[in-house]
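What follows is a short report on a single structure.
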Amino acid sequence: MSTRVGQPGEVSPQVPPRTPSPDALAAARTAEERSGSRGAVASEVVRAPGLSLVSHRLLGRSGLRVSPLALGTMTFGLDWGWGAERKEARRMFDAYVDRGGNFLDSASTYTNGTAERLLGEFAAGRRDRLVIATKYAGSAGADDPNAAGSDRKSMLHSVERSLRRLQTDYIDLLYLHAWDGSAAHEEFRRAMDDLVGAGKVLYLGVAGTPAWQVSRMQAIADLRGWAPLVALQVPYSLLHRAAERELTPMAREMGLGVVACSPLGGGVLTGKYRRADLAAAGEAEAPATRKGLAAASGALSERGLAIAEVAAEVARELETTAARVALAWLLDHPAVTAPVLGARTLAQLEDDLGALELALSPGQRARLEHADAI
Ligand SMILES: NC(=O)c1ccc[n+]([C@@H]2O[C@H](COP(=O)([O-])OP(=O)(O)OC[C@H]3O[C@@H](n4cnc5c(N)ncnc54)[C@H](OP(=O)(O)O)[C@@H]3O)[C@@H](O)[C@H]2O)c1
């Protein structure tokens, strides 16, 4: 068994130096070599328990320090029928930030704009110490053919809207939410670079895009001297491991930090669903409820319940919750910079944050991974 003292991209497990000393840089390099910068499997590394939200990690090839767990805001607002009302969202935001969390994840489309509005309101007064990520390329109006898409015009309008809602004059991390399949990738990569040049955006990321296309975008940006992509957001959990085929190895090679969204498979990995829920979810409730969404995404299925049961078994051994086990598996993963929490209540958030204290043994990791070997 090897004990890991650092992680690729992790500045320090305890107090991050603002200016890393040559010794710290050498130690980080050694830790990276130990865990293997290519082709490492998760079960090779074990984290000593006791991470916290200030155990910062570097995001991809950037110098940006982020908390090892991000707070997602897709549950901020009731507009989609299954989120948190303003007061509860505020409690979650305060609990996360008061513990030192700095990495907030939103999108122009979440809860029809309410998520960004609430985030902007809550961040007032402490905005500069936060790393606010948002995404563009959602539809803002059905009658406008340029309202959605990856192109320059859609990007500019989306970013201006996000800046207003977030009550800020810069976005720390702007993701392309999903590549629209158009040939305009050089156009929008150039436009993203312009936003960085204008100071409206500090760092760039991508989501919803195949590995071959991200790799091409990054290579072209490097050749042209444009601001690189430093983050890849991808659904990744014990339930969704397809990213291991192409996306996570590509991210490592191309210098993008992996930000794992839907880390609990929409709630299935908490173990709260039973076989009876499969039948109920098949009825016409999607996507009006979280359970319906989980069913529609394939997470709430016989396979999903079987994987959740393995997480629950490990949780019983460790006297903890299945949610923490599933999140701890991601926290220890050498390819992952930060999972994005999707809590809907403060109680769920408190439970999820407990994953920072949990260490899985290599045997437990192996059992979790074998539950759905890829
Ligand atoms: N880039 C993208 O395309 C994309 C896609 C999805 C999400 N995201 C980002 O990732 C974040 C997280 O995604 P997600 O909401 O799908 O995450 P998730 O953690 O997989 O699912 C969140 C749901 O799990 C349940 N849950 C969470 N913690 C729990 C606990 N301790 N006990 C019991 N239930 C718990 C809640 O379900 P109930 O509501 O049923 O209680 C909650 O709504 C989002 O906020 C967003 O920022 C990005």
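These numbers come from a predicted model, not from an experiment. Order of appearance sets the numbers: ligands from 1, and atoms from 1 within every ligand. Quick note: residue numbers are just sequence positions, from 1.
- Protein heavy atom at the shortest distance from atom 14 (P) of ligand 1 is R290 NH2, 3.6 Å.
- Looking at atom 42 (C) of ligand 1, its nearest protein heavy atom turns out to be G342 O, 3.2 Å.
- D351 pairs in a side chain to side chain donor-acceptor pair (under 3.5 Å) with only one of the listed residues (T320, T321, T345), which is T321.
- With respect to atom 16 (O) of ligand 1, the closest heavy atom belonging to the protein is S262 OG, 2.7 Å.
- Under a 4.0 Å N-O distance rule, the pair R152/D194 qualifies as a salt bridge.
- Under a 4.0 Å N-O distance rule, the pair R61/D222 qualifies as a salt bridge.
- Residue contacts with ligand 1: L264 is placed with a nitrogen or oxygen under 3.5 Å of a nitrogen or oxygen of the ligand (distance criterion only).
- For ligand 1 and Q233, the ligand atoms under 4.0 Å from any heavy atom of the residue are 1 (N), 2 (C), 4 (C), 8 (N), 9 (C), 48 (C).
- With respect to atom 46 (C) of ligand 1, the closest heavy atom belonging to the protein is Y110 OH, 3.3 Å.
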**Prompt:** Given the rule in the side chain to side chain donor-acceptor pair (under 3.5 Å) test, do W212 and E246 qualify, once you have shown the distances and angles that lead to the verdict?
**Reply:** CA-CA 8 Å; W212 64 268; E246 295 278 349; over 6 Å; no
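- At the shortest separation from atom 26 (N) of ligand 1 among protein heavy atoms lies Q348 OE1, 3.5 Å.
- Of all the atoms in ligand 1, the ones that sit under 4.0 Å from a non-hydrogen atom of D352 are 27 (C), 28 (N), 29 (C), 30 (C), 31 (N).
- Ligand 1 places these atoms under 4.0 Å from at least one heavy atom of K135: 1 (N).
- Shown in contact with T73 at under 4.0 Å from a heavy atom are these atoms of ligand 1, numbered in order with element: 45 (O), 47 (O).
- Contacts with ligand 1 closer than 4.0 Å are made by no heavy atom of K291, backbone or side chain.
- Geometrically, ligand 1 and G266 share a nitrogen or oxygen pair separated by less than 3.5 Å.
- In terms of protein heavy atoms, atom 40 (O) of ligand 1 is closest to K272 NZ, 3.3 Å.
- At a threshold of 4.0 Å, the pair R316-E309 counts as salt-bridged, since one of the basic side-chain nitrogens sits closer than that to a carboxylate oxygen.
- Salt bridge annotation for E350-R99: present, with a cationic side-chain nitrogen under 4.0 angstrom from a carboxylate oxygen.
- Put simply, the side chain of S162 gets close to the backbone of S158: a donor and an acceptor are under 3.5 Å apart.
- For R126, the salt bridge (Lys or Arg N to Asp or Glu O under 4.0 Å) criterion is met by D94, D98, not counting sequence neighbours.
- Both the backbone and the side chain of V340 come within contact range of ligand 1, each with a heavy atom under 4.0 Å.
- A70 is linked by a side chain to side chain contact (heavy atoms under 4.5 Å, CB included) to F103, V340, counting only residues two or more places apart in sequence or in another chain.
- Contacts with ligand 1 closer than 4.0 Å are made by no heavy atom of S106, backbone or side chain.
- Formation of a donor-acceptor pair under 3.5 Å by the S108 side chain with backbone atoms of K135 is found in this model.
- With respect to D372 and R241, no salt bridge is recorded, no charged nitrogen being found less than 4.0 Å from a carboxylate O.
- Of all atoms in ligand 1, listed by their number and element, those nearer than 4.0 Å to a heavy atom of D351 are 30 (C), 31 (N).
- By the criterion of a heavy-atom distance under 4.0 Å, the side chain of T270, and not its backbone, is placed next to ligand 1.
- Of the protein's non-hydrogen atoms, G267 CA, 3.2 Å is the one closest to atom 24 (O) of ligand 1.
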